[in-house]
Amino acid sequence: MPPITIPRRRRGSASPFFSRVYALVRRIPRGRVASYGAIARALGDPRAARTVGWALRACADDVPWHRVVNAQGMISWRPTGGYQLQRALLRGEGVRFTRGGRIDLERFGWRAL
DNA sequence: TGCGTGACTTGAC
DNA sequence: CGTCAAGCCACGC
């Protein structure tokens, strides 16, 4: 597997919402995943799922961004790439994928939200 | 200030 | 199961 790098643009926005997204994502345990929507709900804004994705786009290095997937347990596609890396990182933590590239959220979803 | 865009979600078919 | 459309929020031009 060739090395994959993720192009990062801005990082560490000072936005309160962004900071809280990072703080919460940092708490996701190894081998567990959470959805964008679940994070948004946990932060009190159920409709900000897309904003969570926007925040993770420019997150700091210590944020385990790869533990965030969409509500269907699938890795969200993005033009900048990173799909393969995210999948590899998750598999390295013991997260298993179905043949369709999906994660069983009943098993690997972070329940502490 | 306005409008298009996106690492989303949900509900209809 | 799959696809489609609408709603949503923040960003950037």
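Keep in mind it's a predicted model, so treat the numbers as computed, not measured.
- Contact between the side-chain N/O atoms of T51(A) and the OP1/OP2 oxygens of dC11(C) is not found at any separation under 4.0 Å.
- Summarising the geometry, the separation between CD on Q84(A) and C1' on dA7(B) is reported as 15 Å, rounded to the nearest angstrom.
- For R50(A), the listed nucleotide lying nearest its side chain is dG6(B); candidates were dA7(B), dG6(B), dA10(C).
- When the C1' atom of dT9(B) is taken as reference, atom CG of L105(A) falls 13 Å away, rounded to whole Å.
- As rounded to whole Å, 18 Å separates atom C1' of dG6(B) from atom OH of Y83(A).
- Here dC8(B) is the nucleotide among dC9(C), dC8(B), dT10(B) with the atom lying nearest to any side-chain atom of N70(A).
- Two residues are said to be in side-chain contact when any heavy atoms from C-beta on lie closer than 4.5 Å; Y36(A) and R50(A) fail this criterion.
- Taking atom CZ of residue R20(A) and atom C1' of nucleotide dC9(C), one finds them 14 Å apart after rounding to whole Å.
- Look at dA10(C): its Watson-Crick or wobble partner, with both distances under 3.5 angstrom, is dT5(B).
- Where R102(A) and A48(A) meet DNA chain C, the nucleotide closest to each residue was compared, and R102(A) sits on the side nearer the 5' end.
- Here the P atom of nucleotide dC8(B) and the CZ atom of F17(A) are 14 Å apart, to the nearest Å.
- Distance Y22(A) OH to dA10(C) P: 14 Å, rounded to the nearest Å.
- The separation between L56(A) atom CG and dG6(B) atom C1' is 13 Å, rounded to whole Å.
- No donor-acceptor pair under 3.5 Å is formed between the side chain of Y22(A) and the backbone N or O of D62(A).
- A 4.5 Å side-chain heavy-atom check between H66(A) and L90(A) finds at least one atom pair inside the cut-off.
- V33(A) pairs with exactly one of V68(A), D104(A), V69(A) by the side chain to side chain contact (heavy atoms under 4.5 Å, CB included) rule, that one being V69(A).
- Residue whose closest nucleotide on DNA chain B sits further toward the 5' end, between Q72(A) and G53(A): G53(A).
- The side chain to side chain contact (heavy atoms under 4.5 Å, CB included) with W65(A) is formed by just one residue from the set I28(A), L89(A), V21(A), V25(A); it is L89(A).
- Here the nucleotide nearest the side chain of A71(A), chosen from dT10(B), dG12(C), dC9(C), is dT10(B).
- Atom CZ in F18(A) sits roughly 12 Å away from atom C1' in dG6(B) (whole-Å rounding).
- Of the listed nucleotides (dA7(B), dT9(B), dC8(C)), dC8(C) has the atom at the smallest distance from the side chain of R47(A).
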